[in-house]
Amino acid sequence: MTASNLFTPLARSFFARSPRAVARELLGKILIRDDDDSRLAARIVEVEAYLGESDPAAHAYAGNTARTSVLFGPPGYAYVYFIYGNHYCLNVSCEREGKAGSVLFRALEPLQGIEEMARSREITLSGPRDLPKLTSGPGRLAQAFSITRARDNGRDLTSPNSSLWIGADGFRPKTIQITARIGITKAADRPLRYVLKGNAFVSGRLSRPKPKPRKAFDM
DNA sequence: ATATCGATTATCT
DNA sequence: GATAATCGATATG
């Protein structure tokens, strides 16, 4: 048997669709990191769709640059960006060559390789209640999977021979919840965040739009 | 429990 | 020069 035991890779055509469709369908799938003698696996429980050049919140809004070129390439490839001077975040490209669009991975439920994830995150687990600290949040999951731009940007996520890829195990999501995206200032109200309802590994305080800054008086 | 803030750098204006 | 698809720490109810 091959290293893809238990998990079936997704075809490139899976990603050759709108970011909305891909985001919804990615819920419940598995992100896999295969190294020489170890495997990390975690279920995708929260993602966001970014719509490309027409979406002011998307990096592709600025056009095809050195940073965003993967978004304008073929579907099914990793777009990794560095943010706030501290964190990497993982997307997968969607649509088709020449048309940008992507899905941001926001939270995972760890399945295999929990100890290695904790080492990569440089944290100690006190108990099961600490598990969300591993992969709940885009920066955290990237660190747990040792994802960096240098290592993974442009990587094919459809091949089980890739050290980072996406597979399926037959899991069927029960209820999917759609909310506004988190952490953006432009186009912040559009419902483009997809989560497995009730999953304990979903990031963030449940999406309450920040209460409008309101002055008691004005003069 | 929620709110605010500093860290730290690639990227774009 | 300002900003950012975040996180973790600290402050406050």
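Each chain gets a letter, A, B and so on, in the order the sequences are listed, and its residues count up from 1. Every value quoted in this text rests on a predicted model; they were computed, and no experiment measured them.
Between A:Thr65 and B:dC12, a side-chain N or O to OP1/OP2 separation shorter than 4.0 Å is present.
Using the six-membered ring where Trp is involved, A:Trp165 and A:Phe7 have ring planes that are perpendicular, over 60° apart on the 30 and 60° scheme.
Residues A:Asp130 and A:Arg121 are not paired through a salt bridge, judged by the lack of any N-O separation under 4.0 Å between the basic side chain and the carboxylate.
Under a 3.5 Å cut-off, the side chain of A:Arg67 and the backbone N or O of A:Tyr81 do not form any donor-acceptor pair. The main-chain N or O of A:Val45 is never found under 3.5 Å from a side-chain atom of A:Glu109 such that the two would form a donor-acceptor pair.
Distances were taken from every side-chain heavy atom of A:Asn86 (C-beta onward) to each of C:dA5, C:dC7, B:dT8; the shortest belongs to B:dT8. For A:Ser102, counting side-chain heavy atoms from C-beta on, the closest listed nucleotide (C:dA5, B:dT11, B:dA7) is C:dA5. Distance from the side chain of A:His87 is smallest to C:dC7 among B:dT11, C:dA4, C:dC7.
Atom P of nucleotide C:dC7 and atom OH of A:Tyr88 are separated by 15 Å, given to the nearest angstrom. Distance CZ (A:Arg67) to P (B:dT11): 7 Å, rounded to an integer number of Å. Whole-Å rounding puts the A:His59 NE2 to C:dT6 P distance at 9 Å. For the pair A:Leu141 CG and C:dT6 C1', the interatomic distance rounds to 11 Å; values are reported in whole Å. Following rounding to the nearest Å, A:Arg106 (CZ) and C:dC7 (C1') show an atom-to-atom distance of 11 Å. Protein atom CD1 of A:Ile182 is 10 Å distant from nucleotide atom C1' of C:dA5, rounded to whole Å. In this structure, A:Ile147 places its CD1 atom 17 Å from C1' of C:dC7, rounding to the nearest Å. In this structure, NZ of A:Lys186 is placed 9 Å from C1' of C:dT3, rounded to the nearest angstrom.
The ring of A:Tyr50 lies on top of the base of C:dA5, close enough and flat enough: under 5.5 Å between centres, under 30° between planes.
Residues A:Glu46 and A:Ile182 meet the side-chain proximity criterion, which asks for heavy atoms closer than 4.5 Å.
Counting non-hydrogen atoms under 4.0 angstrom, A:Arg140 reaches the backbone sugars and phosphates but no base. Using a 4.0 Å heavy-atom criterion, one finds that A:Phe82 contacts the sugar-phosphate atoms exclusively. Using a 4.0 Å heavy-atom cutoff across all strands shown, A:Gly139 reaches sugar-phosphate atoms only and no base atom.
When both pairing distances are held under 3.5 Å, B:dT8 makes no Watson-Crick or G-U pair with any nucleotide shown. Remark: B:dT2 base-pairs with C:dA11. Criterion, Watson-Crick or G-U wobble with two distances under 3.5 Å.
Where A:Lys133 and A:Ala58 meet DNA chain C, the nucleotide closest to each residue was compared, and A:Ala58 sits on the side nearer the 5' end. Nearer the 5' end of DNA chain B, as judged by each residue's closest nucleotide, is the contact made by A:Gly85, out of A:Gly85 and A:Arg149.
The base of C:dA4 has none of its N or O atoms less than 3.5 Å from a complementary donor or acceptor on the side chain of A:Tyr81.
Taking the ring centre of A:Phe15 as origin, the terminal cationic atom of A:Arg12 falls outside the region bounded by 6.0 Å and 45° from the ring axis.
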